[in-house]
Amino acid sequence: MKLLTNDKTYEGVTFRPTADGCVITAREAIEPGGVLVIEADDGAELCRYTVADWLRCETDGGTLTLSNSPAPEPPPAPGLDTLREARQEANKQALADWLAAHPLAWTDGQTYGVTQEDQDELALNLMQYQLAVQARQEAVLEWHAQKQACRVFTAEEYTALSLAIAAYVYPYRRYQETVKAAIWAAESEEEINAVQIDYSTVAGAA
């Protein structure tokens, strides 16, 4: 099957009728003229279309679509709240990435993870230890430095590490909340995107 248009012949095309027009597909990008002629391989004319008679003539590379249906409406632009939420998610992820890349160097010469997951596990481990002690069960309090096996901690040492991590993370949490407030105070897309998210600017950043 052939397509003749704009003084050019496109060989090996496919033709598919649709409910409101047709779709023509060629092996190369189609540049339509004012008239489209579909011929069989033996030269017999199968159909002829005048582009001006159609509401829409659209090309996408080797695909040409004729249609009498109006073009679909573009999707609505996201609302400001959606943009704010997306920016806040970026803020959260930036903090998570920063904490993951900047562990705490503690007084024992080891480095300890300070991500939210690390903090949650640290607190859960202490709670389980305390429950075992209250139940008069044998319990050992253990934790680990980064890339190290667990070792035994005294309760005092474990508490000191937990407090050190909390103090280390606190300025970053405060900065996250400041950024969050700025995001939700922004009144346009430009203002939302202009809110700076840079955890390296936090005073005393590692």
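Because the structure is a prediction, the values reported are computed rather than measured.
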Engineer: Looking at every heavy atom in both I38 and F15, which two are closest together, and how far apart are they?
Structural biologist: CG1-CD1, 4.2 Å
Engineer: Is there a side-chain contact between T111 and L104 in this structure, where contact means two heavy atoms from C-beta onward sitting under 4.5 Å apart?
Structural biologist: no
Engineer: Is it the case that one hydrophobic cluster holds both V202 and I197, taking links as side-chain heavy atoms less than 4.5 Å apart, direct or via other members?
Structural biologist: yes
Engineer: Can you list every ring-ring contact (aromatic ring centres under 6.0 Å, His included) pair that touches residues 19-71, not counting sequence neighbours?
Structural biologist: Y49-W54
Engineer: More than 12 foreign heavy atoms under 6.0 Å from CZ of R174: is that the case here?
Structural biologist: no
Engineer: Just by distance, do the side chain of T63 and the backbone of T25 share a donor-acceptor pair under 3.5 Å?
Structural biologist: no
Engineer: Return the SG to CD1 distance between C47 and I24, rounded to the nearest 0.5 Å.
Structural biologist: 6.5 Å
Engineer: Any non-hydrogen side-chain atom of T18 less than 4.5 Å from a side-chain atom of L66?
Structural biologist: no
Engineer: Is there a side-chain contact between W98 and Q176 (heavy atoms, below 4.5 Å)?
Structural biologist: no
Engineer: Treating Q146 as the side-chain partner and P103 as the backbone partner, does any N or O pair qualify as donor plus acceptor under 3.5 Å?
Structural biologist: no
Engineer: Quick one: side-chain hydrogen bond (donor to acceptor under 3.5 Å, both in side chains) partners of Q88, sequence neighbours excluded?
Structural biologist: N91
Engineer: Going by atom type alone, with no hydrogens or angles, which donor-acceptor pairs under 3.5 Å involve a side-chain atom of residues 122-142 and a protein atom two or more places apart or on another chain?
Structural biologist:
unit_1: N125; atom_1: ND2; unit_2: E142; atom_2: O; d: 2.6
unit_1: N125; atom_1: ND2; unit_2: Y158; atom_2: OH; d: 3.2

Engineer: Is any side-chain heavy atom of E39 closer than 4.5 Å to one of L46?
Structural biologist: no
Engineer: Between W184 and E85, is a side-chain contact (heavy atoms from CB on, under 4.5 Å) present by the stated rule, with each step listed?
Structural biologist: CA-CA 9 Å; W184 285 96; E85 288 168 0; 3.9 Å; yes
Engineer: For residues 149-157, please give each side-chain donor-acceptor pair under 3.5 Å, one per line with the distance, not counting sequence neighbours.
Structural biologist:
unit_1: R151; atom_1: NH1; unit_2: E157; atom_2: OE1; d: 3.4
unit_1: R151; atom_1: NH1; unit_2: E157; atom_2: OE2; d: 3.4
unit_1: R151; atom_1: NH2; unit_2: D108; atom_2: OD2; d: 3.3
unit_1: R151; atom_1: NH2; unit_2: E157; atom_2: OE2; d: 2.8
unit_1: T154; atom_1: OG1; unit_2: E157; atom_2: N; d: 3.0

Engineer: If the condition is salt bridge (Lys or Arg N to Asp or Glu O under 4.0 Å), which residues does E117 pass it with, not counting sequence neighbours?
Structural biologist: none
Engineer: Measure across W143 and L161 and return the closest heavy-atom pair with its distance rounded to 0.1 Å.
Structural biologist: CD1-CD2, 3.7 Å
Engineer: Tell me the closest heavy-atom pair linking V179 and Q196, and the distance in Å.
Structural biologist: CG2-O, 3.7 Å
Engineer: Considering all heavy atoms of both residues, which atom of V51 and which atom of C57 are nearest to each other, and what is their separation?
Structural biologist: CG1-CB, 3.7 Å
Engineer: Going by the side chain to side chain donor-acceptor pair (under 3.5 Å) test, which pairs reach into residues 7-17, not counting sequence neighbours?
Structural biologist: K8-E28
Engineer: Which pairs, with at least one residue in residues 175-197 and sequence neighbours excluded, count as a salt bridge (charged side-chain N to carboxylate O under 4.0 Å, His left out)?
Structural biologist: none
Engineer: Quick check against the 3.5 Å criterion: does T59 have a side-chain atom that pairs as donor or acceptor with the backbone of L64?
Structural biologist: no
Engineer: Is the closest side-chain heavy-atom distance between H102 and Y199 below 4.5 Å?
Structural biologist: no
Engineer: Would you please name every residue forming a side-chain hydrogen bond (donor to acceptor under 3.5 Å, both in side chains) with Q116, sequence neighbours left out?
Structural biologist: D120, R173
Engineer: How would you list, by chain and number, every residue that makes a side-chain hydrogen bond (donor to acceptor under 3.5 Å, both in side chains) with Q148, sequence neighbours excluded?
Structural biologist: none
Engineer: For residues 41-52, which residue pairs qualify under salt bridge (charged side-chain N to carboxylate O under 4.0 Å, His left out), counting only residues two or more places apart or in two chains?
Structural biologist: E45-R48
Engineer: Find the distance between CD1 (I165) and CH2 (W106) and round it off to the nearest 0.5 Å.
Structural biologist: 8.5 Å
Engineer: Just distance, no hydrogens or angles: give the donor-acceptor pairs under 3.5 Å from side chains in residues 68-83, sequence neighbours left out.
Structural biologist:
unit_1: N68; atom_1: OD1; unit_2: L55; atom_2: N; d: 3.1
unit_1: S69; atom_1: OG; unit_2: D20; atom_2: OD2; d: 2.2
unit_1: D81; atom_1: OD1; unit_2: R84; atom_2: NH1; d: 2.7

Engineer: Okay, side chain of Y112, backbone of S162: is any donor-acceptor separation there less than 3.5 Å?
Structural biologist: no
Engineer: If you look at every heavy atom in G62 and I30, which pair is closest and at what distance?
Structural biologist: O-CD1, 3.5 Å
Engineer: How many angstroms lie between atom OG1 of T5 and atom CG of L36, to the nearest 0.5 angstrom?
Structural biologist: 4.5 Å
Engineer: Residues two or more places apart in sequence or in another chain: which of them pass side-chain hydrogen bond (donor to acceptor under 3.5 Å, both in side chains) with T115?
Structural biologist: D118
